[in-house]
Protein chains: 2
Amino acid sequence: MTAGALEQACRERGIRLSTQRRIILEALETAHDHPCAYDVHQRVALRHRKISVATVYRALNGFTQAGLLVRRDFGDGKARYERAQAKRHDHLVDVRSGRVVEFDDAELKVLITRVAAGLGYRLVDYRLELFAEPERDLD
Amino acid sequence: MTAGALEQACRERGIRLSTQRRIILEALETAHDHPCAYDVHQRVALRHRKISVATVYRALNGFTQAGLLVRRDFGDGKARYERAQAKRHDHLVDVRSGRVVEFDDAELKVLITRVAAGLGYRLVDYRLELFAEPERDLD
DNA sequence: TTAGCTGCAAACCCTTTGCTGCGTA
DNA sequence: TACGCAGCAAAGGGTTTGCAGCTAA
């Protein structure tokens, strides 16, 4: 089990690593979804019985500030986290299964920038989430 | 002071009208921004000293369910409300002033639908918020 | 008359924070 | 060794809910 890339990044940035933080980082490293703090706490608890929510929240915030993680908001009232990726991307939420699909469309980005400009603004950032159902029913 | 359109809509839908609800409806009818429940309660309190937050929340939820209002989420952790409008639209948040500009771009809508289709999905709805700063500094 | 609304306060959910003791660099 | 981290529990924001009394239809 090699030290994860996130752990590596922490070392490079001089972020102190504790047992708890290592477990939290690994949970995010191996996550294939967009877990909220509660999810992370649940997963982490499997390996470290007494880790507290406070620790999870503090770690998540710290890693986010350090740029290792990105905080997402899918409108359900809780923050969700994922590893920071090289390229920005948006999300499509499958309203049937709740599954989240990531996508990145250059044309869309251009158009959105143009829309902002048309209103007299310089685009700083944007949030886009699509809610959709599969074209072919599977259930 | 004519009965507002929202009040009218309530009557048509058989939604009971109380003094409190009338005041809440009028607050939203005359709002030029996107007030959160707290804002609404503040404004309403000017005319009805003892209206409770519970009533405001219940009314806001009820009107939203009835389709009279639309709930928005600008990512600051509180729900915001505005009158339901005939045409869907998105928002641009001025990161300098906090002001919210509404816009509606047909081309964007088409492109987003196409992106969803490209992923194998039929678009049901989407949320788009732009965060931007004025092209010409005003401060 | 009566279903449904109101006010109040308590409860909820998610998240943060104060404090004391422990662990890492 | 010293600064920062962990755990616990309490607090904080936004929102909902249980209950008893009031009110619109």
Side-chain angles (χ1 to χ4, degrees), chain A residues 3 6-28 34-45 47-66 68-81, chain B residues 3 6-28 34-45 47-66 68-81:
Chain A
L6 288 178
E7 206 171 312
Q8 191 63 38
C10 277
R11 234 170 257 122
E12 283 163 14
R13 288 163 218 231
I15 294 177
R16 235 192 227 190
L17 282 172
S18 60
T19 309
Q20 292 85 331
R21 292 195 180 178
R22 253 183 276 265
I23 297 176
I24 292 170
L25 282 177
E26 201 177 318
L28 277 138
H34 299 72
C36 63
Y38 176 84
D39 298 329
V40 174
H41 185 242
Q42 289 277 94
R43 294 174 198 184
V44 145
R47 304 226 252 109
H48 189 301
R49 220 46 72 97
K50 340 189 56 133
I51 196 165
S52 73
V53 269
T55 298
V56 172
Y57 274 104
R58 278 193 275 239
L60 255 17
N61 282 338
F63 297 146
T64 299
Q65 267 184 258
L68 274 61
L69 303 180
V70 174
R71 192 195 314 249
R72 299 284 182 182
D73 165 22
F74 293 158
D76 59 355
K78 31 194 169 179
R80 297 177 170 281
Y81 298 84
Chain B
L6 289 177
E7 207 172 310
Q8 191 63 38
C10 277
R11 233 169 259 122
E12 283 163 13
R13 288 163 218 230
I15 295 176
R16 234 193 229 189
L17 282 172
S18 60
T19 309
Q20 291 86 329
R21 291 193 180 177
R22 254 183 274 265
I23 297 176
I24 292 171
L25 282 177
E26 201 178 316
L28 277 137
H34 300 73
C36 63
Y38 177 83
D39 297 329
V40 174
H41 184 242
Q42 289 276 94
R43 294 174 198 184
V44 144
R47 306 226 251 108
H48 189 301
R49 220 45 71 97
K50 339 189 57 135
I51 196 165
S52 73
V53 269
T55 298
V56 171
Y57 275 105
R58 279 191 277 237
L60 256 17
N61 282 338
F63 296 146
T64 299
Q65 267 183 256
L68 274 61
L69 303 180
V70 174
R71 192 196 313 250
R72 300 286 182 180
D73 164 22
F74 294 157
D76 58 355
K78 31 193 168 181
R80 297 178 171 281
Y81 299 84

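Order of the sequence lines fixes the chain letters, A, B, ..., with proteins taken first and strands second; residue numbering starts at 1 for each chain.
Checking Ile51(A) against Ala54(B), the closest nucleotide of DNA chain D that is more toward the 5' end is the one next to Ile51(A). Between Val53(A) and Arg22(A), it is Val53(A) whose nearest contact on DNA chain C lies nearer the 5' terminus.
Summarising the geometry of Val56(A) relative to Ala37(A), their closest heavy-atom pair is CG1-O, 3.8 Å, with the distance given to 0.1 Å.
Candidate nucleotides dC8(C), dA24(D), dG23(C) were compared by shortest atom distance to the side chain of Thr19(B), and dA24(D) ranks first. Taking only side-chain atoms of Ala37(A), from C-beta outward, the nucleotide of dG7(D), dT15(C), dC8(C) with the closest atom is dT15(C).
Under a 3.5 Å cut-off, the side chain of Arg13(B) and the backbone N or O of Ala66(B) do form a donor-acceptor pair. Formation of a donor-acceptor pair under 3.5 Å by the His41(B) side chain with backbone atoms of Ile51(B) is found in this model.
One can place CZ of Arg11(A) at 13 Å from P of dT24(C), the figure rounded to the nearest angstrom. Between the NE2 atom of His41(A) and the P atom of dC14(C) there is a distance of 13 Å, rounded to whole Å. When rounded to the nearest whole Å, the span between CD of Gln65(B) and P of dT16(D) equals 10 Å. In this entry the distance linking NZ of Lys50(B) with P of dC22(D) reads 13 Å, nearest Å. If you measure from atom CG of Leu17(A) to atom P of dA25(C), you get 7 Å, rounded to the nearest angstrom. Rounded to whole Å, the distance from OH on Tyr38(A) to P on dC12(C) is 15 Å. Atom-to-atom, OH of Tyr81(A) to C1' of dC14(C) comes out at 10 Å; the value is rounded to the nearest Å. One can place CZ of Arg16(B) at 7 Å from C1' of dT23(D), the figure rounded to the nearest angstrom.
Remark: Lys78(A) is in phosphate contact with dC14(C), judged by side-chain N or O atoms under 4.0 Å from OP1 or OP2. Phosphate proximity of dA6(D) to Arg21(A): present, with a side-chain N or O under 4.0 Å from OP1 or OP2. Side-chain nitrogen and oxygen atoms of Ser18(B) include none within less than 4.0 Å of the OP1 or OP2 phosphate oxygen of dT23(D). Taking only side-chain nitrogens and oxygens, Gln20(B) never comes nearer than 4.0 Å to OP1 or OP2 of dT23(D).
Residue-level contact check: His48(B) touches the backbone only, with heavy atoms under 4.0 Å from sugar-phosphate atoms and none from bases.
With salt bridges taken as basic N to acidic carboxylate O contacts below 4.0 Å, none links Glu26(A) and Arg22(A).
Atoms CD1 and CZ, on Ile24(A) and Arg43(A) in that order, are 13.0 Å from each other to the nearest 0.5 Å.
In this structure, Arg16(B) has no salt bridge (charged side-chain N to carboxylate O under 4.0 Å, His left out) partners at least two apart in sequence or on a different chain.
Checked against Tyr81(B) for a side chain to side chain donor-acceptor pair (under 3.5 Å), the options Arg72(B), His34(B), Arg71(B) give a single hit: Arg71(B).
Against DNA chain C, the stretch residues 56-63 of chain A makes heavy-atom approaches under 4.0 Å through Tyr57(A), Arg58(A), Asn61(A).
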